[in-house]
Amino acid sequence: MITKAKEPFMSQVRLRFAPSPTGFLHVGGARTALFNWLLARKQNGKFILRIEDTDVARSTQQSVDAILEGMTWLGLDWDEGPFYQSDNFPLYKEYVQKLLDAGKAYKCYCSAEELEAKREKALQEGGKPKYDGTCRNLPPAEDGRPYVVRFKAPQEGSTSWNDLIKGRISFENAELDDLIIQRTDGTPTYNFVVVIDDATMGITTVIRGDDHVNNTPRQILLYEALEVPVPAFAHVPMILGADKARLSKRHGATSVMAYRDMGFLPEALVNYLVRLGWSCGDEEIFSLDDLIQKFSIENVGRSAGVFNTEKLLWLNAHYIKNGDVKRLAGLLVPFMKERGVDPEKGPELSAVVKTLLERAKTMLELADGALFYYQEELAYDEKGVAKFFNADTAGLLTLLVDKLSGVERLDAPSIEAVFKEICEEKGIKLGQIGPAVRLALSGSTASPGIYEMIEVLGLDETRTRIQRAIKQLVG
RNA sequence: GGUCCCAUCGUCUAGUGGUUAGGACACCGGCCUUUCACGUCGGUAACAGGGGUUCAAGUCCCCUUGGGAUCACCA
């Protein structure tokens, strides 16, 4: 019944991500999108974005924007779309009519209230709450009464498919009832619309959450009624919280963009998400390009997985450690400004970032760690001061500044040489001067390496900080 | 309740009839070290239970148990 639509698409795979715009892009949706995107890219097919907004009341443009922002941030670009189902209402109506004309659908005049009552009753009696077929064989009538259109589903036999992830799944048709494909107000319902869209868009493989498994047999029956090819299905297990309940806000953030705001890198989230349910031998680290090579839907696991922030954190730390300092510095700017610091005023941010790479698991930690480089007044760690500042400290620090001033090219090796020289001359160990310098420069007992800090701060700022520390802490 | 799905360390997983059941995160120890980290070396830790099939079962079959999804004029 859907004519010619398949022709132009026969030779390539076409996948789609079809979120409903009723909220942000959450991590579960992002993973589904990622799997679709990967398969499309791997097989040189097309990745299509479709917005399922047939529920006009709950859909918002704001949600659409949020979803697109999330996709873009993750690096998942789409080849076609975004298409909006709300633009296709006439098309859906046309197909409803075709089904009606072919006797494969019928008008049902039962009211929502009646149906609800029947459902309740059936449930209470321990029966199945399915439609009882009251209007299934009614003679056609045009008397103006409100009606919904139901799909006349076969009542015998079974419907099955070979799920790319779960294997063969089969349902008895007797378990299925006649689903509503058009509401009283004339708008189409989800299960019908997905089929029409996937068919007309030439979707070859449907990868979606496994909460759709139960919808699949009905949809297959619809494809068959429409006489169009049935796509392959792959149902991705869902993501659980630490208590093994479906991941939700009470487990923490679920929105993709919230992870950006918490200082996660998109490549870390992508890497984490793909490994949640999929693996490739003993490998843990995957770039998007690696994944395009290595990903396969058949290797996605069948069981649900627990979202584990610790591992995400580890991956994030990995990508920070190995990241390009210039890029990281750029990404860090908004976090610095959030903390009231203008990174333009002070040491080069990328040089600062370089000293912090191995000490930060998130961009938030990176920003916090970078703060002292840009602050005039440091809050010196009291315990540290008590422990590392004594009668000799001022003299040693002054000597250090003197010697540093004489160094031609102030870099880590030359700075280290200065420290060694002082230790030899004074017959002391590094521990007798290092911690004090660290305190003077950073205010803290935990910081990047002393030599690195001096190099990044520069001679003038180093001198200023040391003198200020002497004045405040010794004098 | 009906239907459908799932089940290897705490977590993510490898395993496709014969393995000392492997890796990763986390955790615990050693080493490295100017702090904090990083790194590195090592350690603790799993086949839900019961029946089969087989010379041999984490791997195949059945049952039990436990989890989950879904049963809308929502998507």
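In the text below, chain A, chain B and the rest are named by the order of the sequence lines, each starting its count at 1. Both backbone and side-chain heavy atoms feed into the values below; hydrogens, waters and symmetry mates do not.
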Q: Can you pull out every salt bridge (charged side-chain N to carboxylate O under 4.0 Å, His left out) where at least one residue sits in residues 163-174 of chain A? Sequence neighbours excluded, please.
A: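 Residue pairs with at least one partner in residues 163-174 of chain A: A/K166-A/D210.
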Q: Would you give me the side-chain donor-acceptor pairs under 3.5 Å for residues 417-431 of chain A, sequence neighbours excluded?
A:
from   : atom 1 : to     : atom 2 : distance (Å)
A/K420 : NZ     : A/E416 : OE2    : 3.3
A/E421 : OE2    : A/K403 : NZ     : 2.8
A/E425 : OE2    : A/K403 : NZ     : 2.8

Q: Distances under 3.5 Å between protein N/O atoms and the N/O atoms of nucleotides 36-39 of chain B, please, pair by pair.
A:
from   : atom 1 : to     : atom 2 : distance (Å)
B/rC36 : O2     : A/R359 : NH1    : 2.8
B/rC36 : N3     : A/R359 : NH1    : 2.4
B/rA37 : O2'    : A/E358 : O      : 2.3
B/rC38 : O3'    : A/K321 : NZ     : 3.0
B/rG39 : OP1    : A/K321 : NZ     : 2.9

Q: Tell me whether A/R150 is salt-bridged to A/D177, with the criterion being a basic N under 4.0 Å from an acidic carboxylate O.
A: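 So A/R150 does not pair with A/D177 through a salt bridge.
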Q: Identify, with sequence neighbours excluded, every residue that meets side chain to side chain contact (heavy atoms under 4.5 Å, CB included) alongside A/N191.
A: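 So A/N191 forms a side chain to side chain contact (heavy atoms under 4.5 Å, CB included) with A/L179, A/N215, A/Q219.
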Q: What is the distance, to the nearest angstrom, from the NZ atom on A/K311 to the C1' atom on B/rG23?
A: 9 Å
Q: Within residues 430-443 of chain A, find the residues that approach RNA chain B with a heavy atom at under 4.0 Å, and present them sorted by residue number.
A: A/L430, A/R438
Q: In whole angstrom, give me the gap between the P atoms of B/rG52 and B/rU59.
A: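 That atom pair is separated by 15 Å.
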Q: Pick the closest RNA chain B nucleotide for A/R168 and for A/A18 by heavy atoms, then say which residue is nearer the 5' end.
A: A/R168
Q: Residues two or more places apart in sequence or in another chain: which of them pass salt bridge (Lys or Arg N to Asp or Glu O under 4.0 Å) with A/E310?
A: none
Q: Applying side-chain hydrogen bond (donor to acceptor under 3.5 Å, both in side chains), can you list everything that pairs with A/R136, at least two apart in sequence or on another chain?
A: A/D178
Q: Between B/rA75 atom C1' and A/H26 atom NE2, what is the distance in whole Å?
A: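 After rounding, the gap between these two atoms is 11 Å.
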Q: Taking for each residue the nucleotide of RNA chain B with the nearest heavy atom, is it A/E172 or A/D177 whose nucleotide lies nearer the 5' end?
A: A/E172
Q: Could you go through nucleotides 13-17 of chain B and list every protein N or O atom that sits under 3.5 Å from one of its N or O atoms, giving the distance for each pair?
A:
from   : atom 1 : to     : atom 2 : distance (Å)
B/rU13 : OP1    : A/G277 : N      : 2.6
B/rU13 : O3'    : A/S279 : OG     : 3.3
B/rU13 : O2'    : A/S279 : OG     : 3.3

Q: Using purine N1 to pyrimidine N3 plus N6-O4 or O6-N4 for Watson-Crick, or N1-O2 and O6-N3 for G-U wobble, each under 3.5 Å, what pairs with B/rG2?
A: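 B/rG2 is paired with B/rU70.
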Q: Between B/rU13 and B/rG50, how far is it from one C1' atom to the other, in whole Å?
A: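 It comes out at 27 Å once rounded to the nearest Å.
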Q: Taking atom OG of A/S20 and atom CZ of A/R58, what is their separation to the nearest 0.5 Å?
A: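 With rounding to 0.5 Å, OG (A/S20) is 6.5 Å from CZ (A/R58).
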Q: Which nucleotide in the list B/rA69, B/rU3, B/rA75 gets nearest to the side chain of A/F171?
A: B/rU3
Q: Nearest to the side chain of A/E310, which nucleotide is it out of B/rA75, B/rC5, B/rA26?
A: B/rA26
Q: Going by the rule side chain to side chain contact (heavy atoms under 4.5 Å, CB included), which residues pair with A/Q375 if we only count those two or more places apart in sequence or in a different chain?
A: A/L371, A/F372, A/L378
Q: Does any pair with a residue in residues 440-454 of chain A pass salt bridge (charged side-chain N to carboxylate O under 4.0 Å, His left out), and if so which ones, sequence neighbours excluded?
A: A/R359-A/E452
Q: Pick out the pairs of N or O atoms, protein on one side and nucleotides 60-63 of chain B on the other, that lie under 3.5 Å.
A:
none

Q: Do A/E283 side-chain and B/rG23 base share a donor-acceptor contact under 3.5 Å?
A: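 Per atom types, no contact qualifies.
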Q: Determine the Euclidean distance between corresponding C1' atoms of B/rC27 and B/rC5; express it in Å to zero decimal places.
A: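 B/rC5 and B/rC27 have their C1' atoms separated by 33 Å.
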Q: Mind checking if A/Y451 touches a base, just sugar-phosphate, or nothing, with heavy atoms under 4.0 Å?
A: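 Counting heavy atoms under 4.0 Å across all strands, the contact made by A/Y451 includes a base.
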Q: Using the P atoms only, state how far B/rU54 lies from B/rA46, rounded to an integer number of Å.
A: 31 Å
Q: N/O contacts under 3.5 Å, protein versus nucleotides 41-49 of chain B?
A:
none

